[in-house]
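Below, chain A is the first sequence line, B the second, and so on; all start at residue 1.
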2 protein chains.
Amino acid sequence: MTVRRTAINGWQGVKAEVLRRLRARRWKPGDLLPNEVDLAAELGCSRSTVNRALQGLADEGLLERRRRGGTRVVVHPEKKATFSIPVVRSQIERRGAAYGYRLLERRRERAPASVRARMNLPAGSRLLHVRALHLADGSAWALEDRWIDTDVVPAAGTVDFSVRSANEWLLETVPFGSGDMSLSAVPASDEAAEALGCRAGESLFVNERLTRDANRRAITSVRLVHAPGYRMSVEL
Amino acid sequence: MTVRRTAINGWQGVKAEVLRRLRARRWKPGDLLPNEVDLAAELGCSRSTVNRALQGLADEGLLERRRRGGTRVVVHPEKKATFSIPVVRSQIERRGAAYGYRLLERRRERAPASVRARMNLPAGSRLLHVRALHLADGSAWALEDRWIDTDVVPAAGTVDFSVRSANEWLLETVPFGSGDMSLSAVPASDEAAEALGCRAGESLFVNERLTRDANRRAITSVRLVHAPGYRMSVEL
DNA sequence: GAGTGGTCTAGACCACCCT
DNA sequence: GGGTGGTCTAGACCACTCC
């Protein structure tokens, strides 16, 4: 007779119990778990409840489920982190600093090859180029260098980004796209050093993003170069 | 009479339909959506199906739901990305390079204050200190500097990490903890420069992680300094 | 107090895929 | 063929919170 100290309460309870067994090595990597019906019977709940719990664990990368194949413990669980890409303004304000913004440049011009490649555009494409500085408590926080395809977002051509950043405007106007992000470390160029008030060659954190619309057409490509000392934190 | 071109198939269909309406601005940021019962009636499915779809969108940060308060469109949708922290070995092999590993140092010693603070340990704590190099096709890829609390993971004290990295050993042995990760850019120290074969002061990408067990006790603190040119990519 | 989402249940059918 | 997870349904009760 098994004694259960903690009652199984709902799908969260089932999830917790399964996690406990995984940690206790009762089910080891590669092992096959009982099927949902049996587990439901053992834990005294309905199959749907077990299903919900196991799906959650599968989403988190701890279990692998296949029709007919059953549910297995993943061999090399890769920790999954989910984090949000905040608007620069909220990022700064969340740290209790006053947000400031300064537009450096805004004009339509021929995009360089690197940008065209990233956005998958033909040679000679003219894009809206916006450069701006984000400030925290008056000092430079990040330098934004952005290219916007006004064929995809015509409205952007009529906005001057002198007060609100393109960052915010785009998020509210053209939401819900897909995209990708790339993080790296680079030495400060002369230009970046001047804008950010640091020495050339200093180590800077760079965040590059490409955003696509629902049809996977590139909307904007942005490169954010952060002032020295910037850290990006993620909960696991 | 509304004409529907595409049938609503299951909860994924409902989700797609809701997304369509969000993009079409039929429901704008801040708006209140119909309640689940009404939506179910309109879309010709059961409430559970609608619930599943809306929960998904809420998880993705597009909707905000409250009991009694209903479901609202989030005003400033912050794009959420979920990415996995791969074992260094898989990261290298996925790029088609041969993985190599070299243990530089392994000994028990008094932890410096910075590490103690991070791991929340009293002064004088002795930890297992492991330094190692990860190689891709024979050249330095990342320098690992790790501290392990053997009070929390006694087994680690009996493992010499000369063949398998602590990275892999820990993942298989002490899984499923919580933790946090912090990314930054730093100039190469003399020591890092020598290990990674670059010049001192070069810009390096640093990934620091703290891992806790189920009781939130710190297991290990690791600092991975990557060779110049490293990029971390994330799908959004 | 009442309306909303959160969840559980029991049953059902289906898609997949291993043997 | 048959067992597994994926999903839908209809109904129910509960927890929260706005009015």
By nearest heavy atom, map A:Gly44 and B:Val37 onto DNA chain C; which one lands nearer the 5' end?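 Between the two, 5'-proximity favours B:Val37.
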Looking only at the side chains, is there a donor atom on one of B:Arg116 and B:Ser125 sitting less than 3.5 Å from an acceptor on the other?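 No, no side-chain donor-acceptor contact under 3.5 Å.
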Any side-chain donor near an acceptor of the partner, A:Tyr230 and A:Gln91, under 3.5 Å: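 There is such a pair between these side chains.
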Counting only N and O atoms by type, is there a donor-acceptor contact under 3.5 Å from the side chain of B:Asn9 to the main-chain atoms of B:Gly13?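 No; zero donor-acceptor contacts below 3.5 Å.
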Would you tell me if any nitrogen or oxygen in the side chain of [X] comes within less than 4.0 Å of OP1 or OP2 on [N]?
{"X": "A:Asn51", "N": "D:dG5", "result": "no"}
{"X": "A:Gln12", "N": "C:dT7", "result": "yes"}
{"X": "A:Gln55", "N": "D:dG5", "result": "no"}
{"X": "A:Ser48", "N": "D:dT7", "result": "no"}
{"X": "A:Thr49", "N": "C:dT9", "result": "yes"}

Check ion pair [X]-[Y] (N to O, under 4.0 angstrom):
{"X": "A:Arg26", "Y": "A:Asp31", "result": "no"}
{"X": "B:Arg94", "Y": "A:Glu78", "result": "yes"}
{"X": "B:Arg118", "Y": "B:Glu208", "result": "no"}

Between [X] ([atom1]) and [N] ([atom2]), how many Å, whole number?
{"X": "B:Asn9", "N": "C:dA15", "atom1": "CG", "atom2": "P", "value": "11 Å"}
{"X": "A:Arg65", "N": "D:dG5", "atom1": "CZ", "atom2": "P", "value": "6 Å"}
{"X": "B:Leu54", "N": "C:dT4", "atom1": "CG", "atom2": "P", "value": "14 Å"}
{"X": "A:Leu39", "N": "C:dT9", "atom1": "CG", "atom2": "P", "value": "14 Å"}
{"X": "A:Arg52", "N": "D:dG6", "atom1": "CZ", "atom2": "P", "value": "14 Å"}
{"X": "A:Glu36", "N": "C:dA12", "atom1": "CD", "atom2": "C1'", "value": "15 Å"}
{"X": "A:Leu43", "N": "C:dT9", "atom1": "CG", "atom2": "P", "value": "11 Å"}
{"X": "B:Leu57", "N": "C:dG6", "atom1": "CG", "atom2": "P", "value": "12 Å"}

Return a single string for nucleotides 13-19 of chain D, one symbol per nucleotide in 5' to 3' order, where B is base contact, S is sugar-phosphate-only contact and - is none, cutoff 4.0 angstrom on heavy atoms. --BBBBS
State whether the number of non-hydrogen atoms from other residues, nucleotides or ligands found under 6.0 Å of B:Asn120 atom CG is greater than 12.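 No, not enclosed.
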If you check the B:Asn35 side chain, which of C:dT4, C:dT9, C:dT7 turns out closest?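 Nearest listed nucleotide: C:dT4.
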